[in-house]
Amino acid sequence: MAKYVFVTGGVVSGLGKGITASSIALLLKSRGYKVFMQKFDPYINVDPGTMSPYQHGEVFVTADGTETDLDLGHYERFIDEELNYTSNITTGKVYSSVIEKERRGDYLGATVQIVPHITNEIKNKVYEAAKTSGADVVITEIGGTIGDLESQAFIESLRQIRGELGIDNTLFVHVTLVPYIYGSGELKTKPTQHSVAEMRGLGIQPDILVCRAPEMLSDSMREKLALYCSVPKENIITAKDEKNIYHIPINLYEQKMDEIILKQFGMKVNKINLGSWENLIKTVDNLNKEVEIALVGKYTGLHDAYLSVMEALSHAGYKHKVKVNIKWVDSERLENENLDVVFKNTKGIIVPGGFGERGIKGMIMAIKYAREKNIPFLGICLGMQLAVIEFARDVCNIKKADSVEFDNMCEEPIIDLMAEQKNIINMGGTLRLGNYDCQIKRGTLTYDDYKSEKIAERHRHRYEFNNKYKEVLEKNGMVFSGVNPESDLVEIIEIPKHKHFIACQFHPEFKSRPVRCHPLFDSFIRESSK
């Protein structure tokens with residue numbers, strides 16, 4: 001039977017539930033156990049796929065094509081495991097499933113209610129995660145904070161799971177805030193006490209408290225929390241503020257958090273192997289060289305919109321022992337600026353994904369600047385499509401080259417709507433999503449990067465390169481170095497005469513890891529930092 005760890009949060013949001021959950025999973029995996037992670041989000045959207053990046057940051061896509069919360073990116077990067085459709089469960093997804101069952105008559109005429117029908121559906125999602133993954137331990141993060149109205153069905157479901165499986169198979173980790181009051185110069189435990197009291201009022205007693213604080217809690221404070229919260233003193237963990245988030249798992253390990261969990265589950269405390277993680281920390285703490293990379297996009301006001309891209313750039317920096325400083329360039333404003341001034345200290349330019357016409361002109365200007373000035377360039381998804389449009393217009397003299405996304409009546413549709421997308425009405429969950437194969441041409445920059453003729457990468461798009469224009473672009477020096485072998489869809493383009501100019505239709509950032517950077521980011525940062 002799988003064991004279940006549930007991570008809840010109290011007092012305020014943003015305390016680091018996701019990092020806490022990821023750290024627990026990393027430690028357990030480092031002790032030889034198979035782990036799997038899951039996130040419950042209380043919003044009514046079925047998934048974040050139709051949400052604005054300004055509302056919820058980036059949409060992370062799993063290998064099986066599920067559009068998920070960005071926290072799943074943290075999970076995959078920490079534990080280096082591929083997650084799936086059971087990893088992100090929303091209120092909308094739960095209610096949609098229950099209503100669909102009711103319409104089919106699955107409930108045999110019963111009155112459908114929050115308890116037991118909604119809660120049973122939530123419990124099924126927890127158990128399904130264990131079945132699909134075959135994990136020894138499933139770690140589930142509950143979005144929001146204790147007391148939120150929209151989270152109560154999830155909390156009630158967890159209470160029921162504890163009743164069904166018992167304390168030997170379930171464990172509750174509650175992340176709270178212990179604030180420092182500058183006027184009195186002391187830490188305060190009262191917010192944590194109130195949060196635990198509220199959680200107990202909902203029928204759940206935390207097994208472990210993780211207290212977010214600017215410094216380690218004293219023994220006397222832990223004793224006080226143990227008394228008021230009915231949690232053993234040794235189970236009160238300090239989540240001390242860290243400049244480098246990779247220290248957090250080590251901090252929890254030093255406080256024996258993983259041992260506490262395994263002992264409650266009656267599982268063997270195997271020897272731990274954190275060597276690669278400790279080497280990562282040493283690398284990150286000792287980066288003494290810097291490189292400026294310009295990220296040209298339309299959502300630069302909210303960095304979470306490009307979270308995985310930021311992380312992937314950093315990962316490549318770790319490999320090459322350089323700190324990547326991102327220069328955020330608003331593509332909409334770039335249209336009226338002097339590019340020589342904007343990119344004065346820039347060593348590489350990246351244009352990531354996005355949707356819609358706003359800011360496109362500025363992105364194309366940046367791509368042209370990178371191509372003409374021989375600055376290393378990496379284009380992702382929309383970035384690849386715009387790189388092809390720019391090349392067609394400026395090098396191939398196809399002046400009216402455009403995408404039907406921006407002008408559905410354009411005369412030269414270099415980028416067209418995919419055939420299977422043309423009759424789609426619903427926007428949610430209907431993009432080309434998840435892993436697709438790519439055949440790589442030998443003798444190309446792409447092949448040098450991957451060192452393989454066949455790869456699989458994750459996608460999220462509706463539009464594709466129009467193969468009618470392939471011949472003319474090839475004659476003018478563009479190489480189509482990667483294509484999907486089934487559909488002949490162009491996956492990767494490059495310009496061999498350039499120092500480093502490569503762009504892909506997929507999202508390589510989703511597969512990058514702190515201890516194993518992605519090949520395309522690897523070569524991009526290598527060339528940018530020379």
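Closest non-hydrogen pair, L15 versus G10, comes out as CD1-O, 3.2 Å. Nearest heavy atom pair, residue S151 against residue G143, reads OG-O, 3.4 Å. Heavy atoms only, all atoms of each residue included: S87 and F36 are closest at OG-CZ, 3.0 Å. Across V231 and D207, no two heavy atoms sit closer than the pair CG1-O, 3.7 Å. Here the closest non-hydrogen pair linking F265 and D168 is CD2-O, 3.2 Å. Nearest heavy atoms, V11 versus T192: CG2-N, 4.4 Å.
Proximity of K319 to H315: side-chain heavy atoms (C-beta onward) are nowhere separated by under 4.5 Å. Contact check for V342 versus V329: side-chain heavy atoms found under the 4.5 Å cut-off. Counting heavy atoms from C-beta on, the side chains of L382 and I360 come closer than 4.5 Å. Counting only heavy atoms from C-beta outward, the side chains of F154 and V126 never approach each other to under 4.5 Å. Counting only heavy atoms from C-beta outward, the side chains of E509 and Y306 never approach each other to under 4.5 Å. Using a 4.5 Å heavy-atom cutoff, the side chains of I204 and L158 are in contact. Contact of the I380 side chain with the I350 side chain is registered, since non-hydrogen atoms from C-beta on lie closer than 4.5 Å. Residues T90 and N45 fail the side-chain proximity criterion, which asks for heavy atoms closer than 4.5 Å.
Classification of K93 and D47 as a salt-bridged pair fails, no side-chain N sitting under 4.0 Å from a carboxylate O. We find that K298 and D330 are not joined by a salt bridge, their nearest charged nitrogen and carboxylate oxygen being 4.0 Å or further apart. Between R333 and E335, none of the side-chain N atoms (NZ, or NE/NH1/NH2) sits under 4.0 Å from a carboxylate O, so this pair counts as no salt bridge. Salt bridge annotation for D219-K224: absent, with no cationic side-chain nitrogen under 4.0 angstrom from a carboxylate oxygen. Remark: K243 does not engage D285 in a salt bridge, criterion side-chain N to carboxylate O under 4.0 Å. A salt bridge links E76 and R513; the closest N-O separation between the charged side-chain nitrogens and carboxylate oxygens is under 4.0 Å. Of the charged side-chain nitrogens involved, at least one lies within less than 4.0 Å of a carboxylate oxygen, so that K39 and D41 count as a salt-bridged pair. Taking a cutoff of 4.0 Å between a charged side-chain nitrogen and a carboxylate oxygen, K3 and D136 do not qualify as a salt bridge. Residues R358 and E332 are paired through a salt bridge, judged by an N-O separation under 4.0 Å between the basic side chain and the carboxylate. Look at K347 and E292 and you find no salt bridge, because none of the NZ, NE, NH1 or NH2 atoms lies under 4.0 Å from a carboxylate O.
Applying the ring pair (Phe, Tyr, Trp, His ring centres under 6.0 Å) rule to F6 yields the partners F172; only residues at least two apart in sequence or on another chain are considered. Applying the side-chain contact (heavy atoms from CB on, under 4.5 Å) criterion to V284, with sequence neighbours excluded, gives N244, Y246, L280, Y318. When the side-chain contact (heavy atoms from CB on, under 4.5 Å) test is applied to D64, the partners found at least two apart in sequence or on another chain are T62, T66, N84, Y85. Partners of Y127 under the side-chain contact (heavy atoms from CB on, under 4.5 Å) rule, at least two apart in sequence or in another chain, are Y4, K123, I161, E164, L165. Looking at residues two or more places apart in sequence or on another chain, you find a ring pair (Phe, Tyr, Trp, His ring centres under 6.0 Å) between Y43 and H56. Remark: A25 engages V35, M37, I79, I139 in a side-chain contact (heavy atoms from CB on, under 4.5 Å) (not counting sequence neighbours).
Proximity of a side-chain donor or acceptor of S96 to a complementary backbone N or O of G92 within less than 3.5 Å is detected. At least one donor-acceptor pair closer than 3.5 Å links the side chain of Q264 to the backbone N or O of T170. At least one donor-acceptor pair under 3.5 Å links the side chain of S331 to the backbone N or O of G297. Between the side chain of N88 and the main chain of D69, a donor-acceptor pair closer than 3.5 Å is present. A donor-acceptor contact shorter than 3.5 Å is absent between the side chain of K256 and the backbone of N235. With hydrogens and angles ignored, the 3.5 Å screen pairs no side-chain donor or acceptor of E141 with any backbone N or O of Q38. In this structure a side-chain-to-backbone donor-acceptor pair under 3.5 Å is present from N273 to G275. In this structure a side-chain-to-backbone donor-acceptor pair under 3.5 Å is present from Q205 to C229. Although no hydrogens or angles enter the test, the distance criterion places no donor-acceptor pair under 3.5 Å between the side chain of D148 and the main chain of G144. Not a single donor-acceptor pair under 3.5 Å links the side chain of R458 to the backbone N or O of G434.
I155 contributes atom CD1, which lies 13.0 Å from atom OG1 of T119 (distance to the nearest 0.5 angstrom). Taken to the nearest 0.5 Å, the CG atom of L295 stands 8.0 Å off from the OG1 atom of T300. A distance of 11.5 Å separates CG in L26 from CD1 in I248, rounded to the nearest 0.5 Å. For the atom pair NE2 (H194) and OG1 (T189), the distance works out to 9.5 Å, reported to the nearest 0.5 Å. Here L70 contributes atom CG and E311 contributes atom CD; the two are 10.5 Å apart, rounded to the nearest 0.5 Å. Note that SG of C517 and NZ of K511 are 14.0 Å apart. Values are rounded to the nearest 0.5 Å.
Taking the six-membered ring where the residue is Trp, the centroids of Y107 and H117 are separated by under 6.0 Å. Taking the six-membered ring for Trp and the full ring otherwise, Y299 and W328 have centroids separated by 6.0 Å or more.
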Run E81 and K29 through salt bridge (charged side-chain N to carboxylate O under 4.0 Å, His left out) and show every step you take. CA-CA 10 Å; E81 297 282 346; K29 181 180 179 181; 2.9 Å; yes

Could you give me the CA-CA distance, side-chain angles and deciding distance for L334 and M363, then say whether side-chain contact (heavy atoms from CB on, under 4.5 Å) is met? CA-CA 8 Å; L334 191 63; M363 293 183 202; over 6 Å; no

Report the C-alpha separation of H174 and S195 in whole Å, then their side-chain angles, then the decisive distance to 0.1 Å, and conclude whether the side-chain contact (heavy atoms from CB on, under 4.5 Å) test is met. CA-CA 9 Å; H174 192 48; S195 182; 2.7 Å; yes

Given the rule in the side-chain contact (heavy atoms from CB on, under 4.5 Å) test, do V322 and L287 qualify, once you have shown the distances and angles that lead to the verdict? CA-CA 6 Å; V322 295; L287 297 176; 5.9 Å; no

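No hydrogens or angles considered: nothing links the side chains of E128 and T86 as a donor-acceptor pair under 3.5 Å. With hydrogens and angles left out, the side-chain atoms of S308 and H507 include no donor and acceptor closer than 3.5 Å. A donor atom on one side chain and an acceptor atom on the other are found under 3.5 Å apart for E156 and Q160.
Residue L227 qualifies as enclosed at atom CG: its count of foreign heavy atoms under 6.0 Å is above 12. Other residues, nucleotides and ligands contribute at most 12 non-hydrogen atoms within 6.0 Å of the NZ atom of K268.
With V178 as the fixed residue, the side chain to side chain contact (heavy atoms under 4.5 Å, CB included) test singles out one of L209, L217, I236: L217.
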